[in-house]
A.B. asks: 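Can you read through this structure? Questions will come right after.
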Amino acid sequence: NLSEKFDRAFKVLKGRGQITEINVAESLKEVRRALLDADVNYKTAKDFTQRVKEKALGRDVLTSVSPGQLMVKICHEELINLMGGEMVDLNYQGSPGIILMSGLQGSGKTTFSGKLANYLKNKKGKNPLLVACDVYRPAAIDQLHVLGEQLGVEVYSNKEEKDPVKIAQAAIQHAKSNSHNVVIVDTAGRLAVDEEMMVEIENVKKSINPTETLFVVDSMTGQDAVNTAKTFNDRIDFDGVILTKLDGDTRGGAALTIKTVVDKPIKFVGTGEKMDALDVFYPERMADRILG
Amino acid sequence: IVGKSKVDAEVLDELEEVLISSDVGVNTTIKIIERIEERVARDKYLGTEELDKILREEIAELLEENNSGEEVDFSIPDTKGEPYVIMVVGVNGVGKTTTIGKLANQFKRSGKKVILGAADTFRAAAVDQLIIWSERVDVPIVQQGMEADPASVAFDTVQSAKAQGADIVIIDTAGRLHNKVNLMNELSKIKRVMQKVIPDAPHEILLVLDGSTGQNAFEQAKQFSIATEINALAITKLDGTAKGGVVIGISDQMKIPVKYIGVGEGIEDLQVFNKHEFVDSLFS
Ligand SMILES: Nc1nc2c(ncn2[C@@H]2O[C@H](COP(=O)(O)OP(=O)(O)OP(=O)(O)O)[C@@H](O)[C@H]2O)c(=O)[nH]1
Ligand SMILES: Nc1nc2c(ncn2[C@@H]2O[C@H](COP(=O)(O)OP(=O)(O)OP(=O)(O)O)[C@@H](O)[C@H]2O)c(=O)[nH]1
Ligand SMILES: [Mg+2]
Ligand SMILES: [Mg+2]
């Protein structure tokens, strides 16, 4: 395990010794390696390792804990520090509250839209309206209708309309005249480098002025997480991140990368395919996971 | 200017960053760098151009050859008159269903009789999605609607294919995370059931990987191989900024060739894997 790896890397440091530049060098390599294996971005891993070094230098290694254990503790604390911070709630208040989903292809937006509707209806007593704005993917609109039916949540769609902006605007009107107090807008998956599609989501956002914009990310994303998170943040300034498929065994380093690069809170995580598989984000659990 | 016999540290640092940032992973990056250092010690290099050439050769070496050699088109091996069965597997959302649509299109264009099997009976509107693809490509599809037993759909599909003298069968399966034992067992069952109709089926078990997946791809390849013996890889969404570097290590360690790459959401957006172009794209 990591603590043992660190122990081995320390140059013969017994209890009552101090951590110095000399004896910590090898274990810092192990820190960086652990992060890269966990898919943390290359630069983020370098910066993080530097922070850990600064935190570690000069620390006394007490007889009760090995230098390896102390290193793990420092890494853990630093990860929680970087990924935690204030718990920022979802902003679904408004008449109606409007939540806009965004993200790359296959990240889990449609599934999460259903989960969110379920959560807002059953945990927050809201009357949500799901909106099908993915006009491209085969059977995307049907997919959302199936979820809506399973949940007893209304789905607004218009298969004749090919402009997501018009669909979204009409949906808001429909929500107002049908006492829906939250609107959840599902959109098509898109690449950050697809200019036309990025303009589309900018336009959807401008036209409906959401109370909450979410960026949905697959937790097994590797080094590319930094690029897509940055671009989406620059273009649509999202309020929160959703990390999906955490029921897998990926270490999830993208969580650290995204948080440090765009400094937006991770609000929820997806933990399965069923509609109740939504959980709050726990930085401590994520830190454990990343360190493996 | 005599050939250098060592690679300078600065060059190695830069190389490490490029490879890691392309999701090649630490282990494979170390292996590549060691191979380069051996080559340089042996052959000497005259500068960045020569080193560049060595680098690209060494990475291409790690990419497993296709059984049919350097594939340049969408072809299938000779299966002596029985349908060639392709089972498509992978974790959730990677692009399996879309890849099947594109693949069916390529085979149909080359004159093959293709049949699709809608064995994802779990995810909302999964069968509808594949039906739309079968209509776009104009190929028959075998389906039993949602919540049917996936093995039964696969069985039906292979049986129909045999009866109709189809050339190619492509079975779509539900996305599943490789750490879910019951779902991986289901996959093994689907495979076994098809063997009742055609003992050699499935001839191809295609694992689809998302181009932006990180090191977890190794675990995916490992677990899916235990459940069903993967013998081909497809990597999708390479039209984005992700490099798909994980396939280098997977191909090398597990000796599985990459057959196809997905470069978009349209029917034409599928290419036969070309390892030299792939290596070039890592450095572009
Ligand atoms: N295991 C697991 N699967 C998930 C989770 N979230 C979504 N999925 C699955 O991931 C796949 C993709 O989910 P979708 O909701 O269709 O993803 P999407 O972002 O809407 O996809 P596009 O609209 O094509 O961009 C489906 O098979 C979902 O069931 C999760 O938290 N855990
Ligand atoms: N840009 C891009 N998008 C792709 C590519 N391949 C698939 N997609 C998109 O990725 C999303 C998921 O594709 P699907 O074919 O539904 O993936 P899947 O693996 O069948 O998903 P599940 O059955 O839910 O596990 C869709 O929005 C596709 O259009 C590709 O090569 N490039
Ligand atoms: Mg969707
Ligand atoms: Mg599918």
Side-chain angles (χ1 to χ4, degrees), chain A residues 32-34 36-43 45-46 104-111 114 136-150 188-194 217-228 231 244-245 247-254 270 272-273, chain B residues 16-27 29 91-98 101 122-133 135-136 146 174-180 209-220 223 236-237 239-246 262 264-265:
Chain A
R32 193 169 150 261
R33 165 110 205 208
L36 293 178
D37 285 343
D39 290 323
V40 172
N41 170 258
Y42 189 83
K43 287 210 172 62
K46 240 187 188 160
L104 266 63
Q105 289 88 346
S107 57
K109 300 174 292 300
T110 305
T111 304
Y136 309 101
R137 170 173 155 152
I141 297 176
D142 299 325
Q143 185 183 1
L144 199 61
H145 275 286
V146 170
L147 297 182
E149 258 157 64
Q150 285 176 9
R190 69 202 66 225
L191 294 176
V193 292
D194 185 334
V217 182
D218 189 324
S219 58
M220 18 188 167
T221 307
Q223 297 289 314
D224 198 47
V226 65
N227 302 324
T228 57
T231 304
T244 62
K245 308 176 200 171
D247 44 323
D249 58 10
T250 191
R251 300 262 291 273
E273 295 193 73
Chain B
E16 182 196 71
E17 180 164 0
V18 169
L19 294 176
I20 300 276
S21 301
S22 306
D23 286 320
V24 172
V26 178
N27 283 336
T29 296
V91 302
N92 308 70
V94 298
K96 298 177 292 300
T97 306
T98 306
F122 172 75
R123 202 215 66 218
V127 174
D128 289 336
Q129 186 185 5
L130 192 65
I131 288 176
I132 292 174
W133 276 105
E135 290 168 348
R136 282 181 179 178
M146 296 301 291
R176 68 202 64 221
L177 294 181
H178 50 283
N179 56 334
K180 308 215 164 165
L209 297 171
D210 185 315
S212 63
T213 305
Q215 299 310 299
N216 192 247
F218 284 87
E219 199 55 27
Q220 292 175 23
Q223 295 303 329
T236 60
K237 309 177 196 171
D239 43 321
T241 43
K243 299 289 186 169
V246 290
E265 302 188 71

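The analysis underlying the following values was restricted to heavy atoms, covering all of them including side chains, and did not include hydrogens, waters or symmetry mates. Within every chain, numbering begins at 1; the chains are lettered A, B, ... in the order of the sequence lines, protein sequences first and strands thereafter. Everything numeric here is computed off the predicted structure, so don't read it as measured data.
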A.B. asks: I need the B:L19 CG to A:Y42 OH distance, nearest 0.5 Å.
C.D. replies: 9.5 Å
A.B. asks: Answer yes when A:R33 and B:E16 have at least one side-chain N-carboxylate O distance shorter than 4.0 Å, and no when they do not.
C.D. replies: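 No, no charged N to carboxylate O under 4.0 Å.
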A.B. asks: Do B:S212 and A:Q223 touch side chain to side chain, with heavy atoms closer than 4.5 Å?
C.D. replies: no
A.B. asks: Just by distance, do the side chain of A:D142 and the backbone of B:A125 share a donor-acceptor pair under 3.5 Å?
C.D. replies: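 Between the backbone of B:A125 and the side chain of A:D142 there is no qualifying donor-acceptor contact (under 3.5 Å).
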A.B. asks: Let me confirm one number: the OG1-CD distance from B:T236 to A:Q105, rounded to the nearest 0.5 Å.
C.D. replies: 9.0 Å
A.B. asks: For B:V91, which atoms come within 4.5 Å of any heavy atom of chain A: side chain, backbone, both, or neither?
C.D. replies: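 Only the side chain of B:V91 comes within 4.5 Å of chain A.
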A.B. asks: What part of B:E265 lies closer than 4.5 angstrom to a heavy atom of chain A: side chain, backbone, both or neither?
C.D. replies: side chain
A.B. asks: Need one label for A:R251: side chain, backbone, both or neither, based on atoms under 4.5 Å from any heavy atom in chain B.
C.D. replies: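 A:R251 has no heavy atom closer than 4.5 Å to chain B.
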A.B. asks: Is any side-chain heavy atom of A:M220 closer than 4.5 Å to one of B:L177?
C.D. replies: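 With C-beta onward as the side chain, the pair touches.
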A.B. asks: Relative to chain B, which of A:V226, A:D37, A:L147, A:T228 shows the most heavy atom pairs under 4.5 Å?
C.D. replies: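 Among A:V226, A:D37, A:L147, A:T228, the one with the most close pairs to chain B is A:D37.
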A.B. asks: What part of B:F122 gets closer than 4.5 Å to chain A, counting heavy atoms only: side chain, backbone, both or neither?
C.D. replies: side chain
A.B. asks: With rounding to the nearest 0.5 Å, note down the distance linking CG in A:D224 to OG in B:S21.
C.D. replies: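 Going from the CG atom of A:D224 to the OG atom of B:S21 covers 10.5 Å.
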A.B. asks: Enter the distance from B:T29:OG1 to A:L36:CG here, rounded to the nearest 0.5 Å.
C.D. replies: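 So the gap between those two atoms works out to 9.0 Å.
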A.B. asks: With a 4.5 angstrom heavy-atom cut-off, could you sort out which part of B:Q220 is near chain A: side chain, backbone, both or neither?
C.D. replies: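 Looking at B:Q220, just its side chain touches chain A.
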A.B. asks: Which bit of B:K180 is near chain A, if near means a heavy-atom gap under 4.5 Å: side chain, backbone, both or neither?
C.D. replies: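 The answer is the side chain of B:K180.
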A.B. asks: Of all residues at least two apart in sequence or in a different chain, which pass the salt bridge (Lys or Arg N to Asp or Glu O under 4.0 Å) check with B:R176?
C.D. replies: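 Checked B:R176 against salt bridge (Lys or Arg N to Asp or Glu O under 4.0 Å); matches are B:E186.
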A.B. asks: Shortest non-hydrogen contact from B:G240 to A:V193?
C.D. replies: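 Distance-wise, the nearest heavy atoms are CA-CG2, 4.2 Å.
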A.B. asks: Side chain from CB out, backbone as N, CA, C, O: work out which of these in A:Q143 comes under 4.5 Å of a heavy atom of chain B, or both, or neither.
C.D. replies: both
A.B. asks: In Å, rounded to the nearest 0.5 Å, how long is the span from CG of B:D210 to OG1 of A:T221?
C.D. replies: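 That separation rounds to 7.0 Å.
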A.B. asks: Which of the residues A:R137, A:Q150, A:H145 is involved in the greatest number of heavy-atom pairs with chain B at under 4.5 angstrom?
C.D. replies: A:R137
A.B. asks: Relative to chain A, which segment of B:E17 carries a heavy atom at a distance below 4.5 Å: side chain, backbone, both, or neither?
C.D. replies: both
A.B. asks: Return the set of residues passing salt bridge (Lys or Arg N to Asp or Glu O under 4.0 Å) with A:R190 (not counting sequence neighbours), or none when no residue passes.
C.D. replies: A:E200
A.B. asks: Chain A: which of B:E219, B:R123, B:H178 shares the most heavy-atom pairs with it under 4.5 Å?
C.D. replies: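 Top count of heavy-atom pairs under 4.5 Å with chain A: B:R123.
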A.B. asks: Check whether more than 12 heavy atoms from other residues, nucleotides or ligands sit under 6.0 Å from atom NZ of A:K43, and answer yes or no.
C.D. replies: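 Atom NZ in A:K43 is not crowded, with 12 or fewer foreign heavy atoms closer than 6.0 Å.
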A.B. asks: A:D247 versus chain B, heavy atoms under 4.5 Å apart: side chain, backbone, both or neither?
C.D. replies: both
A.B. asks: Counting heavy-atom pairs under 4.5 Å with chain A, which one of B:N179, B:T213, B:I132 comes out on top?
C.D. replies: B:N179
A.B. asks: Looking just at side-chain N and O atoms, do A:D249 and B:N216 make a donor-acceptor pair shorter than 3.5 Å?
C.D. replies: yes
